[in-house]
Amino acid sequence: SQIPKIQGITIPPEGTIYDYRYDLNDNKWENWLEMNKNFTINPKFSFTDIIVPTIDFQRIQYVQNLLLSHACHVLCPGPTGTGKSVGAVKLLSESLGKPDKFTGISMVLSAQTSSNQVQDTIF
C-alpha cells in the first residue's frame, strides 16, 4: 500500500501516528519509546522520586510543555494513577526556575473538595 505523505514528509509505516513525534530540528519522525531506550533508575533515588518515562507519560509531558511554553492553560483529566500530577509537578518545577514567567500553586483535591474551596485557595 501507498505510505501517506504530508507536505513531503513520509509517515513511518510501523505502528500508528501516535507512536511518533516529529522532530523539527532533525527533520525526522522519532519514536516515543526510542527517546528513552537507555533509561536507568538511579539507585540513590527513593521509590517515590522515580518517574518511569512510559510512552503515555512522554506524550503528556510533551504536550503540556508545548502548551505551557506558549502561555496556554493546561487541564489534564484522566484516570487515577496515570501520572497526571507527577508530570505536572515535574514540568512546573523545571519551569519555575524562571520566576519572571511562572508562579506555582499546589493543591490537593478530592471528591469532597468544593469549587468554593478551590476559589478561596487561589484568590
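One is the number of the first residue; the rest follow in order along the sequence.
- Every residue was checked against the side-chain hydrogen bond (donor to acceptor under 3.5 Å, both in side chains) condition with Q58, not counting sequence neighbours, and none meets it.
- To the nearest 0.5 angstrom, Y22 atom OH is 7.0 Å from L24 atom CG.
- Taking CD1 of I60 as the reference point, atom OG1 of T54 lies at 7.5 Å (rounded to 0.5 Å).
- Atom CG in L66 sits 12.5 Å away from atom CD in Q61 (nearest 0.5 Å).
- The shortest side-chain heavy-atom distance between L33 and F39 does not fall under the 4.5 Å cut-off.
- In terms of heavy-atom proximity, F57 sits nearest to G87 at CE1-CA, 3.6 Å.
- For D26, there are no side-chain hydrogen bond (donor to acceptor under 3.5 Å, both in side chains) partners, not counting sequence neighbours.
- Listed by chain and residue number, nothing satisfies the salt bridge (Lys or Arg N to Asp or Glu O under 4.0 Å) test with K44 (two or more places apart in sequence, or in another chain).
- A donor-acceptor pair is defined here as one N or O able to donate and one able to accept, closer than 3.5 Å; such a pair exists between the side chain of Q117 and the backbone of S114.
- To the nearest 0.5 Å, the span separating CG on L67 from CG on L91 amounts to 10.0 Å.
- Evaluation of the side-chain hydrogen bond (donor to acceptor under 3.5 Å, both in side chains) test over residues 11-20, restricted to residues two or more places apart or in two chains, returns none.
- Heavy atoms only, all atoms of each residue included: V74 and C76 are closest at CG1-SG, 3.6 Å.
- With hydrogens and angles ignored, the 3.5 Å screen pairs a side-chain donor or acceptor of K84 with a backbone N or O of P79.
- Criterion: ILVMFWY side-chain heavy atoms under 4.5 Å apart, direct or through other members. Under it, Y62 and L68 are not part of a common hydrophobic cluster.
- Contacts of N38 classified as side-chain hydrogen bond (donor to acceptor under 3.5 Å, both in side chains), with partners at least two apart in sequence or in another chain: none.
- Criterion: ILVMFWY side-chain heavy atoms under 4.5 Å apart, direct or through other members. Under it, I122 and L109 are part of a common hydrophobic cluster.
- With sequence neighbours left out, the side-chain hydrogen bond (donor to acceptor under 3.5 Å, both in side chains) criterion links D56 to R59.
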